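In what follows, residues are counted from 1 in the order of the sequence shown. Remember, predicted model here, so these are calculated numbers, not experimental data.
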Amino acid sequence: MIKKRVIACLDVKDGRVVKGVQFKGLRDIGDPVEYAMYYNEAGIDELVYLDISKTESGHQLMLDVISEAASKLFIPMTVGGGIQSLEDISKLLKHGADKVSLNSAALRNPSLIKEASERFGKQCICVAIDSGYVDELDDYYCFTHGGKKQTSKRVYDWVEEVEALGAGELLVTSMAYDGMKQGFDIDHLNEIQRRVNIPIIASGGGGNAGHFVTLFQESQVSAGLAASILHDKEVSVSTIKSEMAKGGIPVRWH
């Protein structure tokens, strides 16, 4: 059986780790390399860095962070945020990222997924989707700009499109669940899973170890992602994995 992954996500703004709720109210919580080292020791399976800097110097700082983290880590590292071109992807991979996560740039220019997949290999290309339910349209749509801007792209159409273009993985954030710690959006994830054959990382809603057990028992996603509950040490990686194992879920022990 394929072992399920537990992934920590670090939002990085101008060289510092920050965290908010439903993409708002960001607070500074620490140094990105120190956090990476902590998670490496704690037994996390993968790390996702999302660079949410607005300034060019912020994005530049991120290359230094990635180089330093990569030199010390033994786990795969995905980097997203502010990626515009094949050259940006190449730079990140050269500085030590194992995968890149594309969001706004992929929506603006879907051919970037195809070109990147052909050049670097689909295993390197993750497409991140900020998914929001729009009441008046009775459907889920892709959002950009940290969840502020609704696009005209239906999530269920987009997931099929990006798989066809060569994405190797999806990172799906259910915006209404983000930071709420009430459990994952399992129905939505299952609806996406029915449409694609690539791994899905579920993001948004993980509040305790039991939520991860439920996620893996009730959906076919390959990974669950958490941020604040791990950063604030409300629950440990080992507790999540122990509960998963008790629930009969195949776990990666490092």
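- Scanning all heavy atoms of the two residues, the minimum distance from Lys19 to Ala227 falls at CE-CB, 3.4 Å.
- Between Tyr140 and His188, the two ring planes are parallel [angle under 30°; tilted spans 30° to 60°].
- Hydrophobic clustering keeps Phe143 apart from Leu107 (ILVMFWY residues linked when any side-chain heavy atoms are closer than 4.5 Å, directly or through intermediates).
- Considering only heavy atoms from C-beta on, Leu171 comes within 4.5 Å of Ser203 through its side chain.
- Under a 3.5 Å cut-off, the side chain of Ser101 and the backbone N or O of Gly80 do not form any donor-acceptor pair.
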Assess the residue pair Leu230 and Lys233 against the criterion (side chain to side chain contact (heavy atoms under 4.5 Å, CB included)); give the C-alpha distance rounded to whole Å, side-chain angles, the decisive distance to 0.1 Å, and a yes or no. CA-CA 5 Å; Leu230 294 177; Lys233 301 185 172 60; over 6 Å; no
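- Among Asn103, Ile192, Leu170, the single residue meeting the side-chain contact (heavy atoms from CB on, under 4.5 Å) criterion with Ile129 is Leu170.
- Side-chain atoms of Gln217 come within 3.5 Å of backbone atoms of Gly247 as a donor-acceptor pair (strictly under, hydrogens ignored).
- Shown are Asp88, Val162, Ile89; of these, the side-chain contact (heavy atoms from CB on, under 4.5 Å) with Leu102 is made only by Ile89.
- Geometrically, Arg154 does not engage Tyr141 in a cation-pi contact defined by less than 6.0 Å to the ring centre and at most 45° from the axis.
- Between the side chain of Asn208 and the backbone N or O of Gly210 there is at least one donor-acceptor pair closer than 3.5 Å.
- There is a path of hydrophobic side-chain contacts, each under 4.5 Å, that joins Trp158 to Ile200.
- Side-chain atoms of Tyr39 come within 3.5 Å of backbone N or O of His231 as a donor-acceptor pair.
- More than 12 heavy-atom neighbours from other residues, nucleotides or ligands sit within 6.0 angstrom of NZ on Lys181.
- Side-chain N or O atoms of Thr173 include none that pairs as donor or acceptor with a backbone N or O of Met175 at under 3.5 Å.
- Minimum heavy-atom separation, Asp98 to Pro76: OD2-CA, 3.3 Å.
- With Ser174 contributing its side chain and Tyr177 its backbone, the two residues share no donor-acceptor pair below 3.5 Å.
- Both Val127 and Tyr49 sit in one connected hydrophobic cluster of ILVMFWY residues. Membership requires side-chain heavy atoms under 4.5 Å apart, directly or through other members.
- Taking 4.0 Å as the cut-off between side-chain N and carboxylate O, Asp157 and Arg195 do not count as a salt-bridged pair.
- In this structure, Phe212 has its ring center under 6.0 Å from that of Phe184.
- Taking all atoms of both residues into account, the shortest heavy-atom contact from Val155 to Ser131 is CG2-OG, 3.4 Å.
- By the 4.5 Å heavy-atom criterion applied to side chains, Val48 and Leu225 are counted as neighbours.
- Hydrophobic clustering (ILVMFWY, side-chain heavy atoms < 4.5 Å, transitive): Leu47 and Val172 are in one cluster.
- Using a 4.0 Å cut-off between a side-chain N of Lys or Arg and a carboxylate O of Asp or Glu, Lys99 and Glu46 qualify as a salt bridge.
- Follow the hydrophobic side-chain contacts under 4.5 Å out from Ile75 and you never reach Leu50; the two are in separate clusters.
- One side chain, Ser236 or Thr239, offers a donor N or O that lies under 3.5 Å from an acceptor on the other.
- Counting only distance, with no hydrogens or angles, the side chain of Ser71 and the backbone of Glu68 share a donor-acceptor pair below 3.5 Å.
- No donor-acceptor pair closer than 3.5 Å links the side chain of Arg16 to the backbone N or O of Val12.
- Using a 4.0 Å cut-off between charged side-chain N and carboxylate O, Arg5 and Glu169 make a salt bridge.
- Panel note: side chain Asp28, backbone Gly30; a donor-acceptor pair is recorded below 3.5 Å.
- When atom types are taken as modelled, the side chain of Lys13 and the backbone of Leu26 share no donor-acceptor pair closer than 3.5 angstrom.
- Defined by atom type and a distance below 3.5 Å, a donor-acceptor pair is present between the side-chain atoms of Asp45 and His254.
- Residues Lys72 and Val33 are in side-chain contact: their nearest non-hydrogen atoms beyond the backbone lie under 4.5 Å apart.
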